[in-house]
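By convention in this document, chain letters (A, B, ...) are assigned in the order of the sequence lines, proteins followed by strands, and residues within each chain are numbered from 1.
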Number of protein chains: 2
Amino acid sequence: MAEEKLTSRAEDFSEWYNQLVIRADMADYAPVRGCMVVKPYGWALWENITSFLDAEFKKTGHVNAAFPMLIPLSFFEKEKEHVEGFAPELAVVTHGGGEELEEKLAVRPTSETIIGHMYSKWVKSWRDLPILIVQWGSVLRWELRTKLFLRTAEFYWHEGHTAHASAEEAKEEMYRILDIYERFCREEAAIPVITGTKSETEKFAGAHTTTSIEAMMWDKRALQSGTSHYFGTNFAKAFEIQFLNKENQLQYAETTSWAISSRIIGAIIMVHGDDQGLVLPPRLAPTQAVIVPIYKTEAEKSKVMEVADRVFLELKAAGIRIKMDDRDNVSSGFKFNDWEMRGVPVRVEIGPKDVEKGSVALARRDRPGREGKTFVSQTDLASTVNGLLAEIQASLLNRATEYRDANIHNVQTYDELKEAVKDGWAFGYWCESRECEAKVKEETRATTRNIPFNQPSETGTCSVCGQPSHRKVYFAKAY
Amino acid sequence: MAEEKLTSRAEDFSEWYNQLVIRADMADYAPVRGCMVVKPYGWALWENITSFLDAEFKKTGHVNAAFPMLIPLSFFEKEKEHVEGFAPELAVVTHGGGEELEEKLAVRPTSETIIGHMYSKWVKSWRDLPILIVQWGSVLRWELRTKLFLRTAEFYWHEGHTAHASAEEAKEEMYRILDIYERFCREEAAIPVITGTKSETEKFAGAHTTTSIEAMMWDKRALQSGTSHYFGTNFAKAFEIQFLNKENQLQYAETTSWAISSRIIGAIIMVHGDDQGLVLPPRLAPTQAVIVPIYKTEAEKSKVMEVADRVFLELKAAGIRIKMDDRDNVSSGFKFNDWEMRGVPVRVEIGPKDVEKGSVALARRDRPGREGKTFVSQTDLASTVNGLLAEIQASLLNRATEYRDANIHNVQTYDELKEAVKDGWAFGYWCESRECEAKVKEETRATTRNIPFNQPSETGTCSVCGQPSHRKVYFAKAY
């Protein structure tokens with residue numbers, strides 16, 4: 001509950017985040033090192049995220065399935081880069097049913113290996129392709145420095161795993177999914193993201209190509225918010241996923257994988273939140289509007305509640321996710337703070353004067369204080385509130401886009417680059433050498449985020465070494 | 001695919017089941033001992049089950065949340081009966097991030113302990129109660145004798161965990177949930193279940209009272225299909241879940257937990273399936289109707305497909321989960337067998353004669369062969385098909401109820417009991433002593449299933465020992 005003020009973002013952004021997650025009732029620390037408990041309010045937000053994505057995946061022909069959470073350790077050895085990437089992060093089951101296991105099992109950190117194994121059993125002919133499977137669940141990567149949603153040992157996600165008859169099809173799939181991710185962020189989360197290709201250094205362990213969506217947080221650090229990988233035949237060769245093609249020849253399948261995790265909740269918090277608490281985009285908010293009835297006497301209460309109850313039913317019937325805050329043990333001011341902390345987009349205040357005038361007060365969360373408050377008629381209130389929700393949704397996206405664009409700096413020289421990443425992103429040409437990338441990382445802690453698909457038509461010179469370069473990249477400090 | 005005939009149920013029910021699960025494409029064996037892969041068709045069925053239950057839980061005020069999959073081993077020690085029940089089944093993580101852990105962690109077999117721990121942090125006052133949380137996910141209990149869906153190490157479920165201010169409220173909750181389970185089985189799965197209380201021997205480790213729903217499979221064995229437990233203050237005391245009541249006194253909370261698992265899929269298979277394959281209740285079937293266009297020449301094909309495409313869109317628009325089987329590499333006969341194997345409730349056949357006559361043939365899965373086939377007009381087809389789906393749903397429930405009732409035998413003597421459980425269930429008075437229960441189990445392998453809530457008004461004598469008894473119980477061999 002929102003009794004004390006939050007530490008402000010400007011004062012200590014990390015501390016602001018930590019306090020906010022707890023006080024907005026999103027998550028809690030678990031008694032298992034590195035793990036979190038996602039509380040009902042946080043999980044309701046996650047459900048809104050997952051139901052949008054699940055519907056999009058189904059529309060594009062994907063189906064869900066479930067593979068074991070335990071994977072034989074030996075499976076990780078089969079793809080060289082994959083094991084190097086994941087071995088240090090594994091949690092290992094050594095005992096089961098009171099006995100030591102002959103074959104040790106890892107709690108899945110990601111499921112390419114076990115799914116690859118199953119696909120090798122299922123795929124025989126080109127008629128069996130494509131396989132377009134998504135798994136929803138949690139995975140575990142050993143992690144001791146917990147930051148709720150952003151960095152926990154166990155986290156929640158979907159992982160898509162597809163197998164195709166040709167490289168073209170598999171690449172198309174990778175891009176199709178990244179498009180869904182970009183659209184989800186823009187339309188649902190009100191987060192503008194940059195789509196592009198990860199550098200060789202930053203790509204997924206075992207991938208041919210990794211594409212990502214990158215978002216800018218309020219502190220101007222970047223958050224990789226989703227990835228879509230094309231594996232070529234790397235995993236197909238490691239796990240023997242082969243099929244007879246139309247020419248009756250044995251051929252390796254081309255595979256992809258892709259994911260958005262519960263980390264995206266961290267992004268939503270850090271892009272939109274303010275010093276009063278969460279600010280949730282209406283399309284994802286578990287509660288879109290809350291009614292706070294205001295009265296002093298019993299006579300006032302009965303008049304106000306009559307209107308409040310009617311408004312509640314009206315908004316609910318219109319499909320608005322609405323709550324009535326009729327708690328009688330806390331003040332209206334406490335309630336205002338409480339719902340602001342939880343980021344509910346619209347507050348509907350109804351007092352005795354509103355009853356007389358046939359009005360209500362609407363307070364929008366994205367503009368705290370008087371500026372965001374309007375008095376509107378009770379007539380057609382559902383459509384007024386729906387209109388306001390749409391306006392808030394659009395306004396959040398605009399604000400985040402302007403903020404991001406104002407903090408991305410086109411750079412041409414290394415000095416400009418170093419200056420830019422101190423408090424923003426640098427966008428400059430890069431020769432794509434590991435040396436220049438490593439130098440930037442070492443000297444500024446900024447990493448390449450991605451090489452965006454949208455590139456200028458002209459070529460240029462590397463902002464680090466000055467060599468001729470034909471693509472620009474984003475450099476930024478990242479979570 | 002359905003090329004060879006299934007082993008018949010009468011010949012070898014267990015073998016029939018094993019073949020069917022694989023050939024209906026529901027699940028596969030995983031490369032991890034004791035584990036399964038739930039394939040997309042099986043998972044789509046599970047999604048229909050979960051979405052009904054999730055909606056019911058939400059209607060009754062429950063919310064979802066997520067707790068860690070790993071639980072410190074020490075947590076299990078806190079409730080004496082609980083640790084005795086679960087310790088032998090635990091999978092234990094001893095290493096994480098390349099190092100041996102100081103505190104060993106169990107993969108959750110059920111989450112009373114870790115959720116109890118969190119509730120003790122969250123519950124301070126009567127105003128914090130009730131807490132009504134459901135977690136969807138998987139759990140793991142070490143198990144080597146795999147039977148897909150029925151007995152696997154990892155399985156899928158929801159687990160509800162609630163905390164209340166009074167025993168009355170907690171018991172009400174236990175019964176409320178069991179009612180939802182019973183209604184789900186009856187209305188959605190077309191499975192008549194018996195609701196009642198488990199014996200002291202058969203109850204959940206740590207429970208004060210366990211209630212269950214029990215279903216009869218085709219082989220007349222019983223399957224416990226869901227449980228709802230009242231813990232009294234057992235877990236609250238073990239985990240210190242205390243609150244200040246309205247009188248400002250510190251009091252232990254009263255808790256419950258409850259679950260239906262992916263085992264219910266095994267019940268659906270074993271109650272309704274026949275020698276041709278699965279028979280899915282229409283309300284849960286991932287595909288409710290399949291269109292098989294029938295033609296020989298190209299000219300026929302174009303006429304037939306025109307109608308088939310129109311019918312497809314019409315049925316889809318009416319909300320029927322419909323598929324078009326326009327595969328050109330297999331025969332119609334193959335398709336019929338294939339969809340019968342997968343248990344699709346209605347097959348819509350459209351051939352050249354149907355095009356001429358403005359008709360289609362509807363074949364209902366629950367009555368294979370000519371008997372279940374009717375020719376109907378293309379006009380108003382969606383409402384005809386919807387009517388047929390409702391009829392099939394009702395008919396499956398009737399058939400299962402009649403079958404069950406015909407195979408439950410009222411018994412008065414021990415001889416009658418022994419005879420009854422050879423090939424059915426015995427329903428008789430029981431003195432509720434562990435001795436009589438143990439004797440029956442040892443001599444017949446039948447166990448007490450539950451003491452039904454519906455009891456005759458008169459008392460009687462124990463069908464095992466002859467002592468006066470006031471309640472009847474079901475004895476049966478069980479999965």
Tell me, side chain or backbone of [X] under 4.5 Å from chain B's heavy atoms, or both, or neither?
X      : result
A/L90  : backbone
A/V107 : side chain
A/H117 : side chain
A/F75  : side chain

[X], part contacting chain A, at a heavy-atom distance under 4.5 Å:
X      : result
B/R127 : side chain
B/Y156 : side chain
B/K104 : neither

Apply side-chain contact (heavy atoms from CB on, under 4.5 Å) to residues B/T94 and A/V92 and explain how you reach the verdict.
CA-CA 6 Å; B/T94 56; A/V92 184; 5.7 Å; no
Can you tell which of B/G34, B/P68, B/A87 has the highest number of heavy-atom pairs within less than 4.5 Å of chain A?
B/P68
Chain A shares the most heavy-atom pairs under 4.5 Å, among B/E89, B/R141, B/K121, with B/K121
At their closest point, which heavy atom of [X] faces which heavy atom of [Y], and how far apart are they?
X     : Y     : answer
A/W43 : B/A66 : CZ3-CB, 3.4 Å
B/K39 : A/A65 : C-CB, 4.2 Å
A/P31 : B/P72 : O-CG, 3.8 Å

Rounded to the nearest 0.5 Å, what separation is found between the [atom1] atom of [X] and the [atom2] atom of [Y]?
X      : Y      : atom1 : atom2 : answer
B/F67  : A/M36  : CZ    : CE    : 12.5 Å
B/W136 : A/E47  : CH2   : CD    : 10.0 Å
B/E99  : A/L144 : CD    : CG    : 8.0 Å
B/C35  : A/I114 : SG    : CD1   : 7.5 Å

Heavy atoms from other residues, nucleotides or ligands near CZ of B/R151 exceed 12 (cutoff 6.0 Å):
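Check passes, neighbour count above 12.
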Quick check: are there more than 12 heavy atoms from other residues, nucleotides or ligands sitting under 6.0 Å from NZ of A/K323?
no
Set out, in order, the CA-CA distance, both residues' side-chain angles and the distance that settles side-chain contact (heavy atoms from CB on, under 4.5 Å) for A/L105 and B/V32, then state yes or no.
CA-CA 8 Å; A/L105 303 168; B/V32 183; 3.9 Å; yes
Using only atom types and a distance under 3.5 Å, with no angle test, would you say the side chain of A/E154 pairs donor to acceptor with the backbone of B/M69?
yes
Does B/W142 reach the side chain of A/L101, with side-chain heavy atoms less than 4.5 Å apart?
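They are in contact (side-chain heavy atoms under 4.5 Å apart), so the answer is yes.
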Any non-hydrogen side-chain atom of B/W122 less than 4.5 Å from a side-chain atom of A/D28?
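Yes, side chains in contact.
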A/W46 and B/N64: CA distance, side-chain angles, deciding distance, side-chain contact (heavy atoms from CB on, under 4.5 Å) verdict
CA-CA 10 Å; A/W46 181 237; B/N64 294 330; over 6 Å; no
